[in-house]
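Within every chain, numbering begins at 1; the chains are lettered A, B, ... in the order of the sequence lines, protein sequences first and strands thereafter. Computed from a prediction, not measured in an experiment: that's the story for all the values here.
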Number of protein chains: 2
Amino acid sequence: MDGRDVSAASGVTIYEVARRAGVSIATVSRALRGTGPVAGATRERVLRAVEELRFTPSRAGVSLAEGRHAANGIVFPNLSGPYFAEVLIGYEEVTSELGRSVVILSTKGRDLSTKERGLSVKGRRLSAHGPDLSLNEPGLPGQGHDAIRDLVRELAGRVDGLVVFGSTVPDDVIDELVASRLPLVLISHAERPGAVTLRSENVSSARALATHLLGHGYRTFAFLGAPYATGDDVDLRWQGVHEVLGDAVQPVLTAEYTVESGYEAALRLLGTRDRPEAVICSDDEVALGAILAAEELGLSVPDDVAVTGWDDIMAARHARPALTTVRQPMRELGARAARALDELIAGASLEDSHRTLDTELIIRSSCGQHPHEPHLQELNPQELNRQARHAEESHPR
Amino acid sequence: MDGRDVSAASGVTIYEVARRAGVSIATVSRALRGTGPVAGATRERVLRAVEELRFTPSRAGVSLAEGRHAANGIVFPNLSGPYFAEVLIGYEEVTSELGRSVVILSTKGRDLSTKERGLSVKGRRLSAHGPDLSLNEPGLPGQGHDAIRDLVRELAGRVDGLVVFGSTVPDDVIDELVASRLPLVLISHAERPGAVTLRSENVSSARALATHLLGHGYRTFAFLGAPYATGDDVDLRWQGVHEVLGDAVQPVLTAEYTVESGYEAALRLLGTRDRPEAVICSDDEVALGAILAAEELGLSVPDDVAVTGWDDIMAARHARPALTTVRQPMRELGARAARALDELIAGASLEDSHRTLDTELIIRSSCGQHPHEPHLQELNPQELNRQARHAEESHPR
DNA sequence: TTGTACGCGTTATCAC
DNA sequence: GTGATAACGCGTACAA
């Protein structure tokens, strides 16, 4: 407990350096950060003293004096699975390139509690069936809510700006952050006045995907996923799909966005005689689970049932059958969020900027043999002409 | 650039709260942190003022005054692939539970440059063949080295302690950290005086794995991996394998520990007529790549060639064939590192503590039909009795 | 070119 | 129970 050394754990202060170099602390500071003039000889002495004493400026001292942290934060729900990790990679890379540290916060299973979960169908909401969706230990309502609020406040206090994934932080906490004028970028969150939002496109990609499946001749569908809040990615994907397929698609909820959850839900869904011809999954991990379930049930994908994913994670290409999916630029999402945040911090008033990144429909074999385009046209001409952008196995990056 | 508000971006200071509540800043501080006595009525007024002004103590001010950051750091090479992400999950969870923030630093492709890469065979080193292993843009030697040093110093300056993965930070930088008396935990790094190290067991697990494969009757082997520094995990795995198999195992280097790298290297390795009967991979991702390569070449796994991995990532269980591997407790590794670091920060002098976590040999189908134990015994009795701990598909966690 | 002195926002030690 | 006030380590006008 001699921990009174916030200065890089070395305890050496600028005063000691100054004394050793025979100058004032102002000169040391100038010599070190190149602000203001310093005579060559003086600089030499200072640098030598710094070297000998292994001086590193105390981060807390610098932050206090500079009025900034030189650190940015990011809030995500978890790191299991490739999606958030990929976004984080892009975010960390750019942020660190900009000379700022990265502070992370995972909200894990902490419940937002005030939200109702389900899929919205034209205003109404379908409640979840299947396993109990309360992933948390039973407790007072709002418990996780308050815990998250505290954690986010703590984080907000030590960074110059924050990136927050949709559905990880209660909206009133978001509002609080906006009100505090903390530079804020929301990823995959409904647009919000005062905050910059960024996401990959969902609705029209979903329409294109659904249309493609119609072209295969499928007529009964299930949408497999665990949607959370209105306006989040999966909710939008559902909307796009539902728009094209109407009552032909049936929503089925999983507990989480994981392989295991997808497997379990698909096992139930495909175990019945009136199983759908195609299962559109909220994301690749759920889809991989669905493929496993089909295999378990002795069903062939895509002959007995077609399966599609979303994201185009690494495993999607390596799955058997290779997974038809919608590729979204995960790393770029993180990278762009980092840059937008940096601009905000620099003072840019790009508030109320809402950017959407393009996606790409990746047709592989899990949705069946690819019919000729002309055939597709017969089914839904105008829809197809507007959207469908495909790519056969064009390598990412 | 009105950024002079390091206090949670709100700009409200303890002085304003004090004035509004009609008390001194000392009382505000006491009321807020429960140190020292405060009259009930006074406390009420203070708390109300805090609420009304939305006051949050400036993190920089607190850090300076308290002499600590309430944040811990972690340095890893990258986040692509499940391994480091899983360790980070465990680390973040415990650290955040302990009330501390998590600052991350990814060294990415930055080269340590002074290291020679290869596999050590009884003192000698085999240089890498295959693709050029310099993953970086050509540059001055030591360039990445210095970049990492600066980044690590920066990180070290804003945390109370650091967890560092082996082979991500040059040894002299590690020594510098140790010398600065910054609480430090090294994961999968050779033991180092003054630093706590933590890792999963490698050598004897590798021996058990090799022994198991011998039991299958295989007689020619390849060890597929991209070893980096002496004493890192893969180096130890190689040592264990080599100890049992001797000249029957041939080391083959990949460019990275990724599916792609494993695929490419395995494609070359298995494309020849004298391909090994079994490929022992440094980790699951490389192994998944090897399986893909075999498939590409029309070879059956395990009938034509056996493949094993290491780690037991999620995909290992779902691969086809399911991957025989060595399970290591990735999340627990991160969690334990966090706890050890916390103890160090709290003042515990568990320096020179070197803990090794147990692993578990997971036999699945990628190494062939499982022969009866008695048969194994005939081959290498004493070796087996000492080590082999198997488990058939016992679910992790 | 260099030094002095103040401010950054808290915590904590004393007196009162 | 409460209030001055001295650290904490650094950046930077301003003066010299």
Side-chain angles (χ1 to χ4, degrees), chain A residues 1-46 49-50 53-70 154 157-158 160, chain B residues 1-46 49-50 53-70 154 157-158 160:
Chain A
M1 197 60 94
D2 75 88
R4 188 135 294 273
D5 48 16
V6 94
S7 63
S10 64
V12 180
T13 76
I14 199 174
Y15 286 94
E16 310 178 38
V17 176
R19 191 174 335 128
R20 178 158 191 132
V23 297
S24 75
I25 64 164
T27 301
V28 174
S29 181
R30 279 187 294 252
L32 245 41
R33 31 180 39 223
T35 163
V38 175
T42 314
R43 149 169 289 113
E44 288 304 313
R45 267 184 300 142
V46 170
V50 165
L53 269 46
R54 300 193 168 293
F55 168 71
T56 309
S58 151
R59 184 62 241 181
V62 173
S63 288
L64 201 52
E66 275 190 326
R68 61 180 217 124
H69 298 281
E154 157 73 23
R158 59 170 76 237
D160 302 322
Chain B
M1 197 58 98
D2 73 271
R4 188 135 293 273
D5 48 17
V6 94
S7 63
S10 64
V12 181
T13 76
I14 198 174
Y15 285 94
E16 310 179 37
V17 175
R19 192 175 334 129
R20 178 160 192 129
V23 298
S24 75
I25 62 166
T27 301
V28 175
S29 182
R30 276 188 295 250
L32 246 41
R33 33 179 39 222
T35 160
V38 175
T42 315
R43 149 169 290 113
E44 289 304 313
R45 267 184 301 143
V46 170
V50 165
L53 269 46
R54 300 193 167 290
F55 169 71
T56 309
S58 150
R59 184 60 241 181
V62 174
S63 289
L64 197 53
E66 276 191 326
R68 63 181 216 120
H69 298 281
E154 157 73 23
R158 59 170 76 237
D160 301 322

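Within 4.0 Å (heavy atoms only), A:Arg33 reaches sugar-phosphate atoms of the nucleic acid but no base atom.
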Test salt bridge (Lys or Arg N to Asp or Glu O under 4.0 Å) on A:Glu154 and A:Arg158; report intermediate values, then the result.
CA-CA 7 Å; A:Glu154 157 73 23; A:Arg158 59 170 76 237; 2.8 Å; yes
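Both A:Gly40 and A:Tyr15 sit near DNA chain C, but only A:Gly40 has its closest nucleotide nearer the 5' end.
As a whole-Å value, the separation of B:Leu64 CG from D:dA6 P is 17 Å. Rounded to an integer number of Å, the gap from CZ of A:Arg68 to C1' of C:dG9 is 18 Å. Counting to the nearest Å, the P atom of C:dT11 and the CD1 atom of B:Ile25 are 9 Å from each other. In this structure, A:Arg45 places its CZ atom 12 Å from C1' of C:dT1, rounding to the nearest Å. If you measure from atom CG of A:Leu32 to atom C1' of D:dT12, you get 15 Å, rounded to the nearest angstrom. One interatomic measurement links the two molecules: CZ of B:Arg158 to P of D:dG9, which rounds to 18 Å at whole-angstrom precision. Rounded to whole angstrom, the span from the CD atom of A:Glu16 across to the P atom of D:dC8 amounts to 11 Å. Look at CD1 on A:Ile14: it is 14 Å from C1' on C:dA5, rounded to the nearest Å.
Put simply, the side chain of B:Arg30 and the base of D:dG3 share a donor and an acceptor less than 3.5 Å apart.
The closest side-chain heavy-atom distance from A:Val46 to A:Val38 is not below 4.5 Å.
Side-chain proximity of A:Ala26 to C:dT10, D:dT2, D:dA13: nearest is D:dA13. When the nucleotides D:dT5, D:dC8, C:dC8 are ranked by their closest atom to the side chain of B:Ala65, D:dC8 comes out on top. Comparing atom distances between the B:Thr27 side chain and each of D:dG3, C:dC8, C:dT4 picks out D:dG3 as nearest. In this structure, the nucleotide among C:dG9, D:dG11, C:dG3 sitting nearest to the side chain of A:Val23 is C:dG3. Of the listed nucleotides (D:dC10, C:dT1, D:dG11), D:dG11 has the atom at the smallest distance from the side chain of A:Glu66.
At C:dG3, one or more side-chain N or O atoms of A:Ser24 fall inside 4.0 Å of OP1 or OP2 (strictly under the cut-off). Remark: B:Ser29 is in phosphate contact with C:dT11, judged by side-chain N or O atoms under 4.0 Å from OP1 or OP2. Phosphate proximity of D:dT2 to B:Thr42: present, with a side-chain N or O under 4.0 Å from OP1 or OP2.
Side chain of A:His69 to backbone of B:Ala60: no donor-acceptor contact under 3.5 angstrom is found.
To the nearest 0.5 angstrom, A:Leu64 atom CG is 9.5 Å from B:Ser63 atom OG. Atom OH of A:Tyr15 and atom CZ of A:Phe55 lie 11.0 Å apart (nearest 0.5 Å).
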